[in-house]
Amino acid sequence: MKLQALRISSGWKVNWNMFYEQDINEENRLYEFSSSTLLSISNTQINRNIELIWHPQGDLNGSYVLDVFNLIEKYNPKKKVIEKVPENSASEITFKSKNRQEVVDKIETLVLELIPYKK
């Protein structure tokens with residue numbers, strides 16, 4: 001089982017990756033498509049985070065849901081540092097598709113074309 005190849009431009013950090021180079025089927029739906037997040041990448045220079053899920057989890061009739069969140073600076077008192085976190089739970093952009101290649105194309109477009117978020 002291979003991870004899905006993605007062309008990600010510089011500045012992006014992979015936070016989590018369980019996005020595999022395969023489509024959902026009866027054999028893999030409860031493993032590869034049951035994670036709450038398949039892919040999470042962020043770019044703190046432009047204050048953006050991209051998250052990919054399969055919804056509903058493990059459902060053969062589900063679809064990929066790709067969300068783009070705006071990042072803001074927030075002080076973390078436990079770590080005593082300023083971190084970049086999602087501004088809120090509402091996404092700036094949402095894209096849905098059952099087609100893995102469409103999702104790959106959308107991710108590769110977004111990492112090149114997203115403009116910086118400024119609050």
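Heavy-atom basis, side chains included; hydrogens, waters and symmetry copies ignored.
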Rounded to the nearest 0.5 Å, what separation is found between the [atom1] atom of [X] and the [atom2] atom of [Y]?
{"X": "Glu87", "Y": "Glu92", "atom1": "CD", "atom2": "CD", "result": "8.5 Å"}
{"X": "Leu60", "Y": "Trp54", "atom1": "CG", "atom2": "CH2", "result": "8.0 Å"}
{"X": "Glu102", "Y": "Ser63", "atom1": "CD", "atom2": "OG", "result": "11.0 Å"}
{"X": "Ile24", "Y": "Asp59", "atom1": "CD1", "atom2": "CG", "result": "7.0 Å"}
{"X": "Lys106", "Y": "Leu52", "atom1": "NZ", "atom2": "CG", "result": "13.0 Å"}
{"X": "Gln57", "Y": "Thr37", "atom1": "CD", "atom2": "OG1", "result": "8.5 Å"}

Under 3.5 Å: donor-acceptor pair, side chain of Ser97, backbone of Tyr64 = no
Report yes if the side chains of Trp12 and Ile50 come closer than 4.5 Å at any heavy-atom pair, otherwise no.
-> yes
More than 12 heavy atoms of other residues, nucleotides or ligands under 6.0 Å from NZ of Lys98: is that the case?
-> yes
Any pair counted as salt bridge (Lys or Arg N to Asp or Glu O under 4.0 Å), so long as it reaches residues 7-32, sequence neighbours left out = Lys2-Glu21, Arg7-Glu108, Asp23-Arg100, Glu26-Arg29
Treat each ILVMFWY residue as a node, draw an edge where side-chain heavy atoms are under 4.5 Å apart, and state whether [X] and [Y] are in one component.
{"X": "Val14", "Y": "Val111", "result": "yes"}
{"X": "Leu39", "Y": "Leu114", "result": "yes"}
{"X": "Phe19", "Y": "Leu3", "result": "no"}
{"X": "Leu38", "Y": "Trp16", "result": "no"}

Between Ile41 and Leu6, is a side chain to side chain contact (heavy atoms under 4.5 Å, CB included) present by the stated rule, with each step listed?
-> CA-CA 11 Å; Ile41 59 175; Leu6 294 168; over 6 Å; no
Carefully, step by step, assess Ile8 and Ile107 under the rule side chain to side chain contact (heavy atoms under 4.5 Å, CB included).
-> CA-CA 8 Å; Ile8 306 282; Ile107 292 168; 4.1 Å; yes
With Asp67 via side chain to side chain contact (heavy atoms under 4.5 Å, CB included) - residues at least two apart | Val65, Phe69, Ser91, Thr94
In terms of side-chain heavy atoms, does Ser40 have a donor or acceptor partner in Glu51 at a distance below 3.5 Å?
-> yes
If you take all heavy atoms of [X] and [Y], which pair is closest and at what distance?
{"X": "Ser42", "Y": "Asn15", "answer": "OG-ND2, 3.2 Å"}
{"X": "Gly62", "Y": "Pro56", "answer": "CA-CD, 3.8 Å"}
{"X": "Ile53", "Y": "Ser36", "answer": "CG2-O, 2.8 Å"}
{"X": "Phe33", "Y": "Gln22", "answer": "CZ-O, 3.6 Å"}

Can you list the steps and then say if Ile46 with Tyr117 is a side chain to side chain contact (heavy atoms under 4.5 Å, CB included)?
-> CA-CA 6 Å; Ile46 65 168; Tyr117 173 71; over 6 Å; no
Trace of the side chain to side chain contact (heavy atoms under 4.5 Å, CB included) decision for Phe95 with Val68 = CA-CA 9 Å; Phe95 174 78; Val68 177; over 6 Å; no
Knowing that exactly one of Asn47, Asn43, Asn49 qualifies, which makes a side chain to side chain donor-acceptor pair (under 3.5 Å) with Lys84?
-> Asn47
So which of Leu110, Ile115, Leu71 actually passes side chain to side chain contact (heavy atoms under 4.5 Å, CB included) with Arg48?
-> Ile115
